[in-house]
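Heads up, the thing below is written out as structure tokens.
Throughout, numbering of the chain's residues begins at 1 and tracks the sequence.
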Amino acid sequence: MRLRPPKYIENLAPYRPGKPIEEVQREFGLKDVIKLASNENPLGPSPLAMEAVQKHLKESHRYPDATAHRLRKAVSQKERVSEADLLFGCGSDHVMDVLIRSYLSPGDQSVTSHAAFVAFRVNCNVQGVEVLEAPLLESGSFDLDAMLELIRANERVKLTYLANPNNPTGTHRDRKDVRKFLDAVRQVRGGTVLTIMDYAYWEYVTDSEIPEPQEILSDYRGSVVVLRTFSKVYGLGGMRVGYGAGDAALLEPCQRVRQPFSLNHPALVAAEAALHDQAFVDESLKVNAIGLVKWRYYLGESGIPFMPTQGNFLLINTQAGFGKSGNEVFELCLKSGVIFRPVGNYGMPDWLRVSVGTPAENERAIEVLKALRKAHAH
């Protein structure tokens, strides 16, 4: 006999990250491999962040500031939110995990959409929380009406999750629809259902009809927590820095649950410096915008269906474009040293997520797909 984990842990499907470059190099004997799989900033980390880390490495023998005082102050000033209304963690998915552990118990339920960021399901399941999913609309966006019906119909629902824009689809809902949904959720069971709004890709948003995080925080204080991250436009995915913004009283239990040193010292100083590197952010957004134009042109010219996006990635239909599943196209492209991201684990086996890279990376990836498409035609 041996100790066994709870059933909900035994049945847990873990999060599957993008395939690392080093693994592909070893597996196929390749030297030159590009990764357009994990929505990382192709320009690398912010130069100011790298400079700050180098400067502060001599302090690595000290424990980090558990309150994230300097970073907290910098975020507060830039995002126009009170310092007390911030919760920092090892990536925004860690903040999400802390929120779930602070407020939900085994047997509780949560609501989201099919093809929502899979880390939400994983974090709920780890806690023994059942996740109810509404189907996507034909557009690939969240069906907020269907989500609301699930919340109303199930008494054990305490939490709902909305990513705007969503990963991996890149789709979104506009201000009118989001506010209508949040207004309605706030009326359910005396306002006891919490909404997590994930704004991981906010910096890339160009559609003015997507409500700003500050607008949501101001108008839905006490019923919504907004998630933000330094992993995308700031280029700090490897540093793992994210935060949640919401009412201080709502976040107070989370401050007790959160591990005191969840953010290491290099991550803290890197994030603070990156927050002030506007030149790097501007260049990153420019590279992404140019890359999206190139990808949309290629896909449109080739007749390969893709979803509209407000992020730094596109979701393409490989079955329609190549006559193959997303995983099959993924595997074939690995042999040419290009890493994409299959999304079968999101229940979308015929789709492939493509992160926008540098101009050279985009060109190479498109040439690989062109060759694959040509081979398929024959």
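- Note that the CD1 atom of I210 and the CG atom of D207 stand 5.0 Å from one another [nearest 0.5 Å].
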Can you list the steps and then say if E133 with R121 is a salt bridge (Lys or Arg N to Asp or Glu O under 4.0 Å)?
CA-CA 10 Å; E133 292 185 354; R121 170 177 282 280; 3.0 Å; yes

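- Salt bridge annotation for R228-E79: present, with a cationic side-chain nitrogen under 4.0 angstrom from a carboxylate oxygen.
- Residues L275 and F230 form a side-chain contact, since some pair of their non-hydrogen atoms from C-beta on lies under 4.5 Å apart.
- Going from atom CG of L369 over to atom CG of L352 covers 8.0 Å, rounded to the nearest 0.5 Å.
- T171 contributes a side-chain N or O that, together with a main-chain N or O of G140, makes up a donor-acceptor pair within less than 3.5 Å.
- In this model, a donor atom of one side chain and an acceptor atom of the other lie less than 3.5 Å apart for S355 and N39.
- Across all non-hydrogen atoms, the minimal contact from Y199 to P211 is OH-O, 2.7 Å.
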Can you check side-chain hydrogen bond (donor to acceptor under 3.5 Å, both in side chains) on Y161 and D198, steps first, answer last?
CA-CA 8 Å; Y161 173 81; D198 194 336; 2.6 Å; yes

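- Closest heavy-atom contact between L227 and G244: CD2-CA, 4.1 Å.
- No more than 12 heavy-atom neighbours from other residues, nucleotides or ligands sit within 6.0 angstrom of CZ on R70.
- More than 12 heavy atoms of other residues, nucleotides or ligands shown are found within 6.0 angstrom of CD on Q25.
- Look at K73 and E272 and you find no salt bridge, because none of the NZ, NE, NH1 or NH2 atoms lies under 4.0 Å from a carboxylate O.
- Across A274 and L236, no two heavy atoms sit closer than the pair CB-CD1, 3.9 Å.
- Between the side chains of N123 and R101, not a single donor N or O lies within less than 3.5 Å of an accepting N or O.
- Here L71 contributes atom CG and F88 contributes atom CZ; the two are 4.0 Å apart, rounded to the nearest 0.5 Å.
- In summary, of the residues considered (E363, E361, E301), a salt bridge (Lys or Arg N to Asp or Glu O under 4.0 Å) with K294 occurs for E363 alone.
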From CA spacing to verdict: ring pair (Phe, Tyr, Trp, His ring centres under 6.0 Å), F340, F330
CA-CA 6 Å; F340 295 123; F330 162 73; 8.4 Å; no

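- Classification of E367 and K370 as a salt-bridged pair holds, one side-chain N sitting under 4.0 Å from a carboxylate O.
- Between atom CZ of residue F181 and atom CG of residue D145 there is a gap of 9.5 Å, rounded to the nearest 0.5 Å.
- Of the possible polar contacts, none joining the E130 side chain to the G107 backbone as a donor-acceptor pair under 3.5 Å is found.
- Contact check on D108 versus R156 returns no salt bridge, with no Lys/Arg side-chain nitrogen under 4.0 Å from an Asp/Glu carboxylate oxygen.
- In this structure a side-chain-to-backbone donor-acceptor pair under 3.5 Å is missing from S38 to E40.
- The shortest distance between side-chain heavy atoms of V193 and K158 does not fall below 4.5 Å.
- Other residues, nucleotides and ligands place more than 12 heavy atoms under 6.0 Å from the CZ atom of F28.
- Side-chain heavy atoms closer than 4.5 Å link hydrophobic residues (I, L, V, M, F, W, Y) into clusters, and following such links, possibly through other members, connects V354 to I366.
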What verdict does the side chain to side chain contact (heavy atoms under 4.5 Å, CB included) test give for V157 and S110, after you've listed the backbone C-alpha separation in whole Å, the side-chain angles of each residue and the deciding distance to 0.1 Å?
CA-CA 5 Å; V157 171; S110 66; 5.7 Å; no

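- Residues T112 and V131 are in side-chain contact: their nearest non-hydrogen atoms beyond the backbone lie under 4.5 Å apart.
- Heavy-atom minimum distance, S262 versus G89: OG-CA, 4.1 Å.
- From Y346, atom OH reaches atom OG of S113 across 12.0 Å, with rounding to the nearest 0.5 Å.
- In this structure a side-chain-to-backbone donor-acceptor pair under 3.5 Å is present from N164 to R173.
- Within the 3.5 Å criterion, the main-chain N or O of H172 finds a donor-acceptor partner in the side chain of S141.
- Contact detail for V53 and P266: the closest heavy-atom pair is CG2-O, 3.6 Å.
- The closest side-chain donor-acceptor pair between R240 and S231 falls under 3.5 angstrom.
- Side-chain N or O atoms of S76 include none that pairs as donor or acceptor with a backbone N or O of R72 at under 3.5 Å.
- Taking a 6.0 Å sphere around NZ of K286, one finds it holds 12 or fewer heavy atoms contributed by other residues, nucleotides or ligands.
- In this structure, N167 contributes its side chain and G170 its backbone to no donor-acceptor pair below 3.5 Å.
- By the 4.0 Å N-to-carboxylate-O rule, R256 lies close enough to E252 to be salt-bridged with it.
- Between S223 and R186, the closest heavy-atom pair is OG-CD, 3.7 Å.
- Distance check: R296 CZ to L314 CG gives 6.0 Å after rounding to the nearest 0.5 Å.
- Qualifying salt bridge (charged side-chain N to carboxylate O under 4.0 Å, His left out) partners for R152, counting only residues two or more places apart in sequence or in other chains: E149.
- Side chain of Q319 to backbone of D350: no donor-acceptor contact under 3.5 angstrom is found.
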Checking T160 against I196 for the side chain to side chain contact (heavy atoms under 4.5 Å, CB included) test, could you report, in this order, the C-alpha distance in whole Å, the side-chain angles of both residues, the deciding distance, and whether it holds?
CA-CA 6 Å; T160 184; I196 294 177; over 6 Å; no

List the steps and the verdict of side chain to side chain contact (heavy atoms under 4.5 Å, CB included) for L104 and L159.
CA-CA 8 Å; L104 277 69; L159 180 67; 4.1 Å; yes

N41 vs S284, test: side-chain hydrogen bond (donor to acceptor under 3.5 Å, both in side chains). Steps then yes/no.
CA-CA 7 Å; N41 189 325; S284 299; 2.9 Å; yes

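- Taking the charged nitrogens against the carboxylate oxygens, E331 and K324 have no contact shorter than 4.0 Å, which rules out a salt bridge.
- Residues L148 and L144 fall within the same hydrophobic cluster, defined by Ile, Leu, Val, Met, Phe, Trp and Tyr side chains chained together at heavy-atom separations under 4.5 Å.
- At least one side-chain heavy atom of L30 sits under 4.5 Å from a side-chain heavy atom of V33.
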H94 and R258: CA distance, side-chain angles, deciding distance, side chain to side chain contact (heavy atoms under 4.5 Å, CB included) verdict:
CA-CA 9 Å; H94 173 234; R258 182 184 69 88; 4.2 Å; yes

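- D183 and Y220 are linked by a side-chain donor-acceptor pair at a separation below 3.5 angstrom, with hydrogens and angles left out of the test.
- Side-chain N or O atoms of D85 include none that pairs as donor or acceptor with a backbone N or O of V81 at under 3.5 Å.
- In this structure a side-chain-to-backbone donor-acceptor pair under 3.5 Å is present from N125 to V129.
- In the model, D65 has a side-chain atom that pairs as donor or acceptor with a side-chain atom of T67 under 3.5 Å.
- The neighbour count for E215 CD, taken as heavy atoms of other residues, nucleotides or ligands under 6.0 Å away, is above 12.
- Side-chain contact between K78 and H276 is absent, with no heavy atoms from C-beta onward closer than 4.5 Å.
- Of the N and O atoms on the side chains of Y201 and N312, not one donor lies less than 3.5 Å from an acceptor on the other residue.
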